Amino acid sequence: QEPTAKPTGADVTQLIKAKARALGFYEASGRLGFMYRYGRSVPADRELAIRYFREGAEKGDAFSQFQLAGMLGTLFSSVEDRRKALFWAEKAAQGGIENAQAMANEIRASLKGTVHPPANPYVQAFLDAACSGDLAGIEKGLKSFPGAVCADAKGITPLHKAAECG
């Protein structure tokens with residue numbers, strides 16, 4: 001008997017999707033989105049993560065709604081994406097996700113122009129270092145905040161935003 005090849009991440013993804021859909025478990029879309037968002041057993045892929053989160057969110061999965069809001073609603077997102085994020089954060093809050101209302105409040109504030117500082121101290125330290133030109137701080141921040149080099153759908157990263165300081 002010939003040895004079978006180890007399944008790839010794409011094979012596993014397709015198997016999970018097919019079985020979950022056959023059973024009507026759209027929550028699996030959120031789990032797939034999570035895998036792609038963080039590169040768990042598959043290569044990280046922001047667009048696929050958003051696609052799977054959106055699929056689950058549209059079917060009513062609160063986890064997917066919360067994750068989609070988090071990906072669309074950053075301080076570095078367009079106004080249009082933040083409006084979409086607010087919609088999904090409010091849906092997730094209605095679905096019982098604990099931190100979703102706080103996320104919705106932050107997104108709402110960013111849309112009104114009253115942006116609060118990032119809640120993550122690593123993000124704030126990175127942005128402070130970038131704005132002040134502190135190379136050692138930037139290097140430390142990149143190690144603590146690898147998302148600094150992750151681009152949004154328009155190719156904008158927190159590094160680009162930090163470069164607009166002052």
Side-chain angles (χ1 to χ4, degrees), residues 17 25-40 42-134 137-166:
K17 277 182 67 174
F25 296 136
Y26 284 94
E27 296 86 358
S29 294
R31 299 330 178 251
L32 287 168
F34 187 85
M35 289 169 61
Y36 279 103
R37 182 176 187 180
Y38 296 104
R40 304 283 171 89
V42 295
D45 186 320
R46 184 179 193 282
E47 296 307 315
L48 277 176
I50 287 174
R51 182 187 320 162
Y52 287 124
F53 286 141
R54 183 172 285 119
E55 183 179 278
E58 289 172 351
K59 297 295 182 182
D61 178 43
F63 173 81
S64 295
Q65 293 165 347
F66 183 70
Q67 292 295 321
L68 181 58
M71 291 191 76
L72 295 176
T74 71
L75 294 176
F76 309 108
S77 297
S78 69
V79 170
E80 179 184 340
D81 280 349
R82 284 184 281 150
R83 285 186 180 131
K84 291 175 187 175
L86 178 59
F87 172 82
W88 290 117
E90 289 174 339
K91 286 282 208 185
Q94 293 168 6
I97 300 293
E98 184 177 332
N99 296 321
Q101 190 58 55
M103 178 189 285
N105 293 341
E106 287 295 318
I107 295 167
R108 192 175 295 105
S110 77
L111 287 167
K112 290 180 181 176
T114 55
V115 179
H116 302 288
N120 184 327
Y122 295 115
V123 175
Q124 186 62 55
F126 169 75
L127 292 174
D128 290 345
C131 289
S132 68
D134 173 9
I138 291 170
E139 184 177 339
K140 181 179 178 187
L142 285 172
K143 289 178 183 171
S144 303
F145 177 48
V149 294
C150 295
D152 65 16
K154 293 182 174 57
I156 304 298
T157 69
L159 287 174
H160 289 102
K161 290 294 183 181
E164 297 172 2
C165 297

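Values in this document were obtained by computation on a predicted structure and should not be read as measured data.
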Quick one: does Q65's side chain have a donor or acceptor within less than 3.5 Å of a partner on W88's backbone?
-> no
Side-chain contact test, heavy atoms from C-beta onward, threshold under 4.5 Å: evaluate it for R83 versus F87 and give yes or no.
-> no
Rounded to the nearest 0.5 Å, how far apart are CZ of F34 and CZ of R40?
-> 5.0 Å
Heavy atoms of A93 and Q101 approach each other most closely as CB-OE1, 3.6 Å
In this structure, CD of E90 is separated from CG of N105 (nearest 0.5 Å) by 8.5 Å
What are the two closest non-hydrogen atoms of L86 and A104, and how far apart are they?
-> CD1-O, 3.4 Å
Answer yes or no: is there an ion pair linking R51 with E55, defined by an N-O contact shorter than 4.0 Å?
-> no
Specify the closest pair of heavy atoms between A49 and R37, including all atoms of both residues, with the distance to one decimal.
-> CB-N, 3.6 Å
Write down the atom of I107, the atom of A69, and the distance for their closest heavy-atom approach.
-> CD1-O, 4.4 Å
Give the ring-plane orientation class for F63 versus F53, where under 30° counts as parallel, over 60° as perpendicular and anything between as tilted.
-> perpendicular
Could you give the distance from CD (E47) to CE (M71), rounded to the nearest 0.5 Å?
-> 8.0 Å
Between atom CG of N99 and atom CD of E106, what is the distance when rounded to the nearest 0.5 Å?
-> 11.5 Å
NZ on K84 to CD1 on I50, rounded to 0.5 Å = 9.5 Å
What are the two closest non-hydrogen atoms of A100 and A89, and how far apart are they?
-> CB-O, 3.5 Å
Got L72 and R54 here, is their nearest side-chain heavy-atom distance under 4.5 Å?
-> yes
Partner of M35 under side-chain contact (heavy atoms from CB on, under 4.5 Å), chosen from D45, V42, L48 | V42
Of all the heavy-atom pairs spanning S64 and S29, show the shortest one and how long it is.
-> OG-C, 4.3 Å
